[in-house]
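Below is one structure, written out as structure tokens; the observations come after it.
These values consider heavy atoms only, across backbone and side chains, with no hydrogens, waters or symmetry-generated copies. In this text, all values refer to a predicted model and were calculated from it rather than measured experimentally. Throughout, protein chains are lettered first and strands after them, A, B, ... in sequence-line order, and every chain is numbered starting at 1.
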2 protein chains.
Amino acid sequence: MPRASQRKPGVQGCAVERTMSLIDGKWKIIVLYKLLGGTLRFNELRRLIPSVTQRMLTHQLRELEADGLIVRTVYAQVPPRVEYTLSARGRSLEPVLLAMKEWGDANLSSSEAYAA
Amino acid sequence: MPRASQRKPGVQGCAVERTMSLIDGKWKIIVLYKLLGGTLRFNELRRLIPSVTQRMLTHQLRELEADGLIVRTVYAQVPPRVEYTLSARGRSLEPVLLAMKEWGDANLSSSEAYAA
DNA sequence: CGGGATCCGTCGCGATACTG
DNA sequence: CAGTATCGCGACGGATCCCG
């Protein structure tokens, strides 16, 4: 699903599809999910999601911010400090994220269910 | 999110991520969503999702089948007839899909919310 | 009708290096 | 610490033609 957060208003159809377009991107859901636990700094996110590169993390965070799902707060300090928090809109995604987590736990437990 | 339904068991982290890997692909959620309404034939799906090409529809259907989310039934007839139905596992995704639809309806109504 | 095969463009994403 | 810049690969996805 390409071109996240670059929706052409007239094209998209159903709400499900439009919702997906905000959530896609290889790392967004995990970022959102981690942020459910509260505000996190850039490198805290990196540690929580080891396999993401900082380039992609930056990119995904920017898109999430552009979509109004997270809030980016910069503190003008000597050691830079940037915090990311879910916006009200982002927090409203919680049911979706939790539904996905529960489904994953239930249907992908360990490594079963790989046989069809 | 590349390589759908080609998960490397050791890599993926949380359940949310693994769930996403089954749902990604530009058309899967819409297909699943449409199938919530009941069994559909190939061209019925095409008509319901006009912007998908048959190549991609075929491809996505194959992946969904490989992931055990849908069931493909072929009737050996003169005019070929292939039906797609949600599997039990696929149907169990309903809460997730509905959560996404509701969120979309609530937060993306018409075209507002585009300003941050 | 329901595909499969092939060709090809695009862009998502990773690796690496540099900066205020 | 929190980025930005550049480079390149390969998956994703569209178009077109062919088949049982």
Side-chain angles (χ1 to χ4, degrees), chain A residues 1-8 11-12 17 20-31 34-35 39-67 70-85, chain B residues 1-8 11-12 17 20-31 34-35 39-67 70-85:
Chain A
M1 201 165 273
R3 336 244 77 239
S5 67
Q6 181 185 333
R7 39 274 145 84
K8 315 150 193 172
V11 177
Q12 313 276 17
E17 194 169 356
M20 268 299 287
S21 75
L22 300 183
I23 280 185
D24 74 30
K26 196 169 184 177
W27 310 99
K28 292 197 186 170
I29 5 85
I30 318 135
V31 169
K34 298 297 184 186
L35 285 179
T39 301
L40 290 174
R41 298 180 55 175
F42 188 80
N43 277 344
E44 290 178 330
L45 279 169
R46 288 199 63 182
R47 280 188 294 103
L48 288 173
I49 315 171
S51 44
V52 73
T53 61
Q54 95 294 55
R55 172 167 145 47
M56 287 322 295
L57 181 54
T58 303
H59 189 73
Q60 307 276 327
L61 286 169
R62 287 303 193 285
E63 288 200 356
L64 289 171
E65 188 193 6
D67 286 332
I70 65 175
V71 175
R72 183 177 123 106
T73 314
V74 184
Y75 297 88
Q77 299 182 352
V78 189
R81 176 195 182 87
V82 182
E83 290 184 347
Y84 295 92
T85 319
Chain B
M1 200 165 271
R3 338 243 72 242
S5 68
Q6 181 185 335
R7 40 272 145 85
K8 316 149 190 174
V11 176
Q12 313 278 17
E17 193 170 357
M20 267 299 287
S21 76
L22 300 184
I23 280 185
D24 74 29
K26 198 170 184 177
W27 310 101
K28 292 197 186 168
I29 6 84
I30 318 136
V31 169
K34 298 297 184 186
L35 285 180
T39 301
L40 289 173
R41 299 180 55 174
F42 187 79
N43 277 342
E44 291 178 329
L45 278 169
R46 288 198 65 183
R47 280 189 293 103
L48 288 173
I49 316 171
S51 44
V52 73
T53 61
Q54 101 292 49
R55 173 166 144 49
M56 287 321 296
L57 182 54
T58 304
H59 191 72
Q60 306 277 325
L61 286 170
R62 286 303 192 283
E63 287 200 357
L64 289 171
E65 188 191 6
D67 286 332
I70 64 174
V71 176
R72 184 176 122 106
T73 315
V74 184
Y75 296 89
Q77 300 181 352
V78 188
R81 175 194 182 89
V82 181
E83 291 185 345
Y84 294 93
T85 319

**Smallest separation among heavy atoms of A:V52 and A:L57, with atom names** = CG2-N, 3.8 Å
**Request:** Rounded off to whole Å, could you give me the CG-to-P distance for the B:L40 and C:dG2 pair?
**Result:** 11 Å
**Item:** Rounded distance [0.5 Å steps], OH in B:Y84 versus CD in B:E65
**Value:** 7.0 Å
**Asked** Starting at CZ of B:R46 and ending at P of C:dG3, how long is that distance when rounded to a whole Å?
**Response** 11 Å
**Message:** In this structure, how many angstroms lie between the P atom of D:dG3 and the CZ atom of A:R41, rounded?
**Reply:** 10 Å
**Prompt:** Looking at A:T39 and A:E44, what are the two nearest heavy atoms and their distance?
**Reply:** O-OE1, 4.4 Å
**Request:** Kindly write out the residues that satisfy salt bridge (Lys or Arg N to Asp or Glu O under 4.0 Å) with B:E83, not counting sequence neighbours, or none if the list is empty.
**Result:** B:R81
**Item:** Residue pair B:K28 / B:Q60: nearest heavy atoms and the distance that separates them
**Value:** CG-OE1, 2.9 Å
**Request:** Let me know the distance between CD of A:Q77 and C1' of D:dA2, rounded to the nearest Å.
**Result:** 12 Å
**Prompt:** How does protein contact run along nucleotides 14-20 of chain D, one letter per nucleotide 5' to 3', with B for base contact, S for sugar-phosphate only, - for none, heavy atoms under 4.0 Å?
**Reply:** BBBB--B
**Request:** Apply side chain to side chain donor-acceptor pair (under 3.5 Å) to B:R46 and list each qualifying residue two or more places apart in sequence or on a separate chain.
**Result:** none
**Request:** Select from A:R62 and B:Q60 the residue whose nearest nucleotide in DNA chain D is closer to the 5' end of that strand.
**Result:** A:R62
**Message:** If the condition is side chain to side chain donor-acceptor pair (under 3.5 Å), which residues does A:T73 pass it with, not counting sequence neighbours?
**Reply:** none
**Message:** List the residues meeting side-chain contact (heavy atoms from CB on, under 4.5 Å) with B:L48, not counting sequence neighbours, and say none if there are none.
**Reply:** B:K34, B:L40
**Message:** Expressed as a whole number of angstroms, how long is the span from A:E63:CD to C:dG12:C1'?
**Reply:** 10 Å
**Request:** Report the distance from atom CG of B:L61 to atom P of C:dG4, rounded to the nearest whole Å.
**Result:** 10 Å
**Asked** At what angle, to 10 degrees, do the two end axes of the helix from C:dC1-D:dG20 to C:dG20-D:dC1 meet, given five pairs define each axis?
**Response** 50°
**Request:** Respond yes when some side-chain nitrogen or oxygen of A:Y84 is under 4.0 Å from OP1 or OP2 of D:dC1, and no when none is.
**Result:** no
